[in-house]
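Since the structure is predicted, the reported quantities are computational estimates derived from the model, not experimental observations. A note on names: the letters A, B, ... follow the listed sequences, proteins ahead of strands, and every chain is numbered from 1.
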There are 2 protein chains.
Amino acid sequence: MSLADTKERILDSAEYLFARKGFHNTSLRAITGRAGVNLAAVNYHFGSKEALLEAVFERRLVPLNNIRRENLEAVRETARKEGRLPGVQESLRAFIEPTLAFRKSGTGAEDFITLVGRAMSDPDDTVRNVFIRHIAPLFYMLFDILCEALPELSPDMLFWRLQFAIGAMGHAICMAGKSYSLPDGVTPVSDVESLTAMLLDFVVAGMERP
Amino acid sequence: MSLADTKERILDSAEYLFARKGFHNTSLRAITGRAGVNLAAVNYHFGSKEALLEAVFERRLVPLNNIRRENLEAVRETARKEGRLPGVQESLRAFIEPTLAFRKSGTGAEDFITLVGRAMSDPDDTVRNVFIRHIAPLFYMLFDILCEALPELSPDMLFWRLQFAIGAMGHAICMAGKSYSLPDGVTPVSDVESLTAMLLDFVVAGMERP
DNA sequence: TTTTTTTTCAAACATATGTTTTAATTGAAC
DNA sequence: GTTCAATTAAAACATATGTTTGAAAAAAAA
């Protein structure tokens with residue numbers, strides 16, 4: 001078994017189980033059992049359970065955040081060149097679209113994005129802290145751009161509206177493909193494009209509310 | 001120590017710790033230590049850790065849900081009497097307002113409402129399942145009223161918009177009073193009335209979006 | 001091929017945890 | 001005051017868990 005295989009298998013297994021059971025409720029024996037590797041491999045390759053969580057986030061969040069950052073920079077640059085304010089819709093789309101589209105980017109991505117969707121309110125300090133370390137710069141960037149896009153809103157109100165939007169997105173991600181609390185006759189779409197469009201409509205309307 | 005004291009102390013302690021650390025990451029020894037009671041009291045009074053969680057939810061969610069149900073029934077009844085459709089804003093207010101107002105209803109309520117805010121996406125199956133058992137009837141009721149309020153929306157789209165609204169509310173609850181990811185110069189209001197008003201503006205705008 | 005480094009392995013270590021047991025204590029009923 | 005029921009308490013039980021250890025195996029380097 002090659003080095004790359006062992007690490008990847010552990011990461012895949014951890015991602016799968018963290019998404020389904022949470023960090024603390026997932027044991028290293030469950031992860032290594034599912035990955036078909038030895039328990040001590042976690043310590044050898046990652047150092048600790050917390051470091052494994054960090055690696056799980058980093059593996060996918062760094063590329064995702066790069067896309068989102070590039071998108072946001074493009075929004076800003078385009079607006080600057082055209083001598084206008086950034087648009088609310090394009091700013092939020094720049095952030096939300098790649099996030100939701102991540103669901104279909106490969107095996108395991110669906111699980112990972114579920115972790116992301118609820119990370120900010122995860123009861124586990126460890127999860128929340130690891131996530132915030134990765135997301136804070138991007139969050140500030142989005143906030144700044146929205147401040148430009150909505151100059152008539154106070155920063156405080158904008159902050160809260162952005163939290164509402166992030167909450168809506170996070171919950172949508174967690175609920176996508178799930179089937180509890182379904183009213184009769186409702187078969188909610190779960191294709192990424194439709195969901196993204198609906199979510200954007202919702203949050204943009206809320207952000208732009210006079 | 002009276003019976004009422006022991007049970008109440010355990011419930012208070014459990015509520016406090018479940019809110020801060022989550023269900024699985026909170027041990028019975030931590031709960032009983034904080035409550036100043038013996039470890040075996042949990043089994044004696046509640047039967048199991050899961051049953052304790054159920055009791056924690058039930059203690060406050062039953063009265064909260066009663067208020068919300070009464071509010072929703074009043075919305076429906078008033079609209080019927082006036083021969084009009086229920087309003088989106090009054091329907092959502094009927095649900096959201098008592099939920100956020102719960103934060104200041106007494107010692108421990110703030111912790112409890114944090115549990116509620118993230119219960120639907122909690123990584124712990126146990127938490128999620130207990131919560132859904134309590135919330136499903138009310139959710140359906142709210143959904144039905146909103147179907148009447150927004151007859152031009154398909155049930156599927158309405159379902160998703162309601163999920164976005166619930167996500168926004170849940171996240172707002174979890175973030176209220178917290179201070180991570182604060183941009184410079186932002187001091188977000190955390191008084192319940194302001195937060196409720198902002199949240200309602202946001203979600204009503206999103207729900208009513210053409 | 002030999003030596004060195006890396007990786008894997010099974011067992012051990014040191015706690016941690018929900019549940020159960022049994023006896024003692026307290027409270028209620030007579 | 002005595003008896004019965006309820007409650008509390010400490011210890012035990014049966015696992016569960018992240019981390020560490022030292023040897024063996026595999027891979028890389030010389």
S.K.: Report the distance from atom CE of Met169(B) to atom CG of Leu100(B), rounding to the nearest 0.5 Å.
M.R.: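 Answer for the CE-CG pair, Met169(B) versus Leu100(B), is 7.0 Å.
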S.K.: Can you check nucleotides 14-19 of chain C for protein contacts, nitrogen or oxygen pairs under 3.5 Å, and list what you find?
M.R.:
from	atom 1	to	atom 2	distance (Å)
dG18(C)	OP1	Lys49(B)	NZ	2.6
dG18(C)	OP2	Leu28(B)	N	2.7
dG18(C)	N7	Arg29(B)	NH1	2.8
dG18(C)	O6	Arg29(B)	NH2	2.9
dT19(C)	OP2	Lys49(B)	N	3.0

S.K.: Tell me: CD of Glu8(B) to P of dT7(D), nearest whole Å?
M.R.: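 Atom CD in Glu8(B) sits about 14 Å away from atom P in dT7(D).
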S.K.: Can you name the salt bridge (Lys or Arg N to Asp or Glu O under 4.0 Å) partners of Arg68(B), sequence neighbours left out?
M.R.: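 Not a single residue meets the salt bridge (Lys or Arg N to Asp or Glu O under 4.0 Å) criterion with Arg68(B).
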S.K.: Can you name the residues that form a salt bridge (Lys or Arg N to Asp or Glu O under 4.0 Å) with Glu77(A), not counting sequence neighbours?
M.R.: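 Residues passing salt bridge (Lys or Arg N to Asp or Glu O under 4.0 Å) with Glu77(A): Arg80(A).
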S.K.: To the nearest Å, how far apart are His45(A) NE2 and dT5(C) C1'?
M.R.: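 Going from His45(A) (NE2) to dT5(C) (C1'), I get 14 Å.
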S.K.: How many whole angstroms separate atom CG of Asp5(B) from atom P of dG27(C)?
M.R.: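 After rounding, the reported distance stands at 12 Å.
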S.K.: Rounding to an integer number of Å, can you tell me how far Asn38(B) CG sits from dA11(D) C1'?
M.R.: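 Answer to the nearest Å: 10 Å.
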S.K.: Does dA30(D) have a Watson-Crick or wobble partner in any strand here, with both distances under 3.5 angstrom, and which is it?
M.R.: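 For dA30(D), the partner nucleotide comes out as dT1(C), under the 3.5 Å rule.
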S.K.: Restricting to salt bridge (Lys or Arg N to Asp or Glu O under 4.0 Å), what partner residues turn up for Arg20(A), sequence neighbours left out?
M.R.: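 By the salt bridge (Lys or Arg N to Asp or Glu O under 4.0 Å) rule, Arg20(A) matches Asp111(A).
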S.K.: Just to confirm, is there a sub-4.0 Å distance from OP1 or OP2 of dT8(D) to any side-chain nitrogen or oxygen of Thr6(B)?
M.R.: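 Affirmative; the distance criterion is met.
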S.K.: Would you tabulate the side-chain donor-acceptor contacts of residues 133-143 of chain A under 3.5 Å, counting partners in other chains and residues two or more places apart, or write 'none'?
M.R.:
from	atom 1	to	atom 2	distance (Å)
Arg133(A)	NH2	Glu54(A)	OE1	2.5
His134(A)	NE2	Glu54(A)	OE2	3.4

S.K.: Taking salt bridge (Lys or Arg N to Asp or Glu O under 4.0 Å) as the definition, give me every residue that meets it alongside Glu193(B), ordered by chain and number, with sequence neighbours left out.
M.R.: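 With sequence neighbours excluded, Glu193(B) shows a salt bridge (Lys or Arg N to Asp or Glu O under 4.0 Å) to Lys104(B), given in chain and number order.
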S.K.: Could you check how far CZ of Phe46(A) sits from C1' of dT20(D), rounded to whole Å?
M.R.: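 These atoms are roughly 18 Å apart.
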